[in-house]
Asks: 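This is the structure I want to talk about, given as C-alpha cells.
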Protein chains: 2
Amino acid sequence: MSGKVLNMDELKKILINKGVKPSIQRLKILEILLKKGHPSVDDIYRALIDEIPTLSKTTIYNTLNLFLEKGIAQAFTIAGDNELRYEYLNSPHAHFKCTKCGKIYDIELNCDVFIKKEINGFRINKALVYFEGICNECQNSKIS
Amino acid sequence: MSGKVLNMDELKKILINKGVKPSIQRLKILEILLKKGHPSVDDIYRALIDEIPTLSKTTIYNTLNLFLEKGIAQAFTIAGDNELRYEYLNSPHAHFKCTKCGKIYDIELNCDVFIKKEINGFRINKALVYFEGICNECQNSKIS
DNA sequence: TTCTCTGCAAACGCTTTGCACGGAT
DNA sequence: ATCCGTGCAAAGCGTTTGCAGAGAA
C-alpha cells in the first residue's frame, strides 16, 4: 500500500526500463498497482471500466502476466481466497489480513531469513508471508 | 511432511477428539494428511481410488472443508498454482519450493514474530510462509 | 505491410451446490 | 423413521486460450 502517485511519463519510464511497451491499458493498470493496496483482477477491472469502457479482463490478465514475467509485479493469494491478488514488486514484506475488519496491511519483516535470503543452505529467490489475526484498531475498538 | 503412520484406532481418536464422526473415507483422508507432504485434492483422490473405488472428489472436498472447520487441517497454495494443498495442522512452519526439482520442503522458523505471534501490536492467529528458491541438493548437483 | 496489442467468445480446471440414495442409530 | 455421510451431475467462477480485428511502426 505504497499509495505512490506518478504521472504518465514516470509510469512510461518504469515500463520501458523493464522492457515493456507502454499502452494506455498497461499504464493505467500499473498506476493502480502503485496506488491501490492489493487488487484482484476484478478490482482493477472495476476501477478502470468507466475510464476505458472497452477494457476486457483478458487484457488485464495479459498485462499482469506480462508484469509478472518482467518482474514488475508479483502475485499472491489471501488464504482461502480463490482469486489472485497483485502488487507492485518492491521490497519484500508480509501481508496481514484482519479477520474482523477485512483490511489487508503490509508488514515489514526484519527476520534474518528475509534479509539473508538463505535458510539451511537453501537459496531463497522469493518469499511470501501471510498473517491472519486481529489488527490494532480492531483490538482497541471493543465493539463486536 | 511428518511421515507419521498411525493405525485406525489412533486415527479414530483424533477425529473423535475434534468432534468429527469417523468414516472410512475420513479416516483414509486423515491418514494421507499425516503421511504425505502437501497433497492436493487430486493427489488424495489418486491415492485412494484403488482402495475405495466409489470415492468421489466431492467427498474429499466435503471432508477437507470439515477438517478445516474443526482445525484438523489447514489449506494453502503454492505460488502460481491454481489448486489448494492441504496439510495436517500442527506447529507453524514455512513451505519451501525448489524451482529446480519441484520438491516442497517444510522449514522450521525461529523468528520472533512466529513465536510471539504478535507484530506491531497485531495479534497473529495464523501464519503462512512460502519460499521459492533452490534447495541444497540442487545447488550441489550442478547438472542442469 | 508487418507485427503486436486488444478484447470477444469459448474452453478449462478447481471447487461448490443440489439432490437422491443408502447406511447408521 | 430419522439423520447424516456419500457421490453423481451440474453449476459456478477465476483464469487461459483461440482467434480476428485494430492499431502502431
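Below, all heavy atoms of this structure are taken into account, side chains as well, without hydrogens, waters or symmetry copies. In what follows, chains carry the letters A, B, and so on, assigned in the order in which the sequence lines appear, proteins first and then strands, with residues in each chain numbered from 1.
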Asks: Rounded to whole angstrom units, what separation is found between the CG atom of A/Asp42 and the C1' atom of D/dG12?
Replies: 14 Å
Asks: Measure the shortest side-chain to side-chain distance between A/Glu83 and A/Val41 over non-hydrogen atoms and say whether it is less than 4.5 angstrom.
Replies: no
Asks: Between A/Arg85 and A/Asp81, is there a salt bridge with N-O shorter than 4.0 Å?
Replies: yes
Asks: Summarise protein proximity over nucleotides 16-22 of chain D in one line of letters, 5' to 3': B for base, S for sugar-phosphate only, - for none, counting protein heavy atoms closer than 4.0 Å.
Replies: BB-----
Asks: Are any non-hydrogen side-chain atoms of B/Lys28 and B/Met8 less than 4.5 angstrom apart?
Replies: yes
Asks: Between D/dC8 atom P and B/Ile52 atom CD1, what is the distance in whole Å?
Replies: 13 Å
Asks: How long is the line joining OH of A/Tyr45 and C1' of C/dC8, in whole Å?
Replies: 11 Å
Asks: Does a nitrogen or oxygen in the side chain of B/Thr54 sit under 4.0 Å from OP1 or OP2 of D/dG7?
Replies: yes
Asks: Nearest whole angstrom, please: distance from the P of C/dC14 to the CG of B/Asp81.
Replies: 10 Å
Asks: Would you say A/Ile72 and A/Ile16 are hydrophobically clustered, going by side-chain heavy atoms of ILVMFWY under 4.5 Å?
Replies: no
Asks: Shortest non-hydrogen contact from A/Gly71 to A/Leu89?
Replies: O-CD2, 3.5 Å
Asks: May I have the distance from A/Ile60 (atom CD1) to C/dT6 (atom P), rounded to whole angstrom?
Replies: 11 Å
Asks: Near DNA chain D, counting only heavy atoms under 4.0 Å, which residues of residues 11-26 of chain B show up?
Replies: B/Lys21, B/Ser23, B/Gln25, B/Arg26
Asks: For the rings on B/Phe122 and A/Phe131, is their centre-to-centre separation under 6.0 Å?
Replies: no
Asks: Which residues pass the side chain to side chain contact (heavy atoms under 4.5 Å, CB included) test with A/Asn7, not counting sequence neighbours?
Replies: A/Asp9, A/Glu10
Asks: List the atom of B/Ile49, the atom of B/Leu55, and the distance in Å for their closest heavy-atom pair.
Replies: CD1-O, 3.8 Å
Asks: Taking atom P of D/dG14 as reference, at what distance in whole Å does atom CD1 of A/Ile78 sit?
Replies: 16 Å
Asks: Do A/Asp43 and A/Ser40 meet the criterion of a side-chain donor-acceptor pair at a distance under 3.5 Å?
Replies: yes
Asks: Starting at atom CD1 of B/Ile29, determine the distance to atom C1' of D/dT6, rounded to an integer number of angstrom.
Replies: 11 Å
Asks: Tell me, which pairs form a ring pair (Phe, Tyr, Trp, His ring centres under 6.0 Å) where one or both residues lie in residues 65-85 of chain A, sequence neighbours left out?
Replies: A/His38-A/Phe76, A/Phe76-A/His95
Asks: In whole angstrom, what separates A/Arg85's CZ from D/dG14's P?
Replies: 12 Å
Asks: Report the secondary structure of DNA chain D in dot-bracket form, marking unpaired bases with a dot and bases paired to a different strand with |, and treating Watson-Crick or G-U pairs with both distances under 3.5 Å as paired.
Replies: |||||||||||||||||||||||||
Asks: Tell me which donor-acceptor pairs under 3.5 Å the side chains of residues 108-118 of chain B have, and how far apart each pair is, sequence neighbours excluded?
Replies:
unit_1	atom_1	unit_2	atom_2	d
B/Asp112	OD2	B/Lys116	NZ	3.3
B/Glu118	OE2	B/Gly121	N	2.7

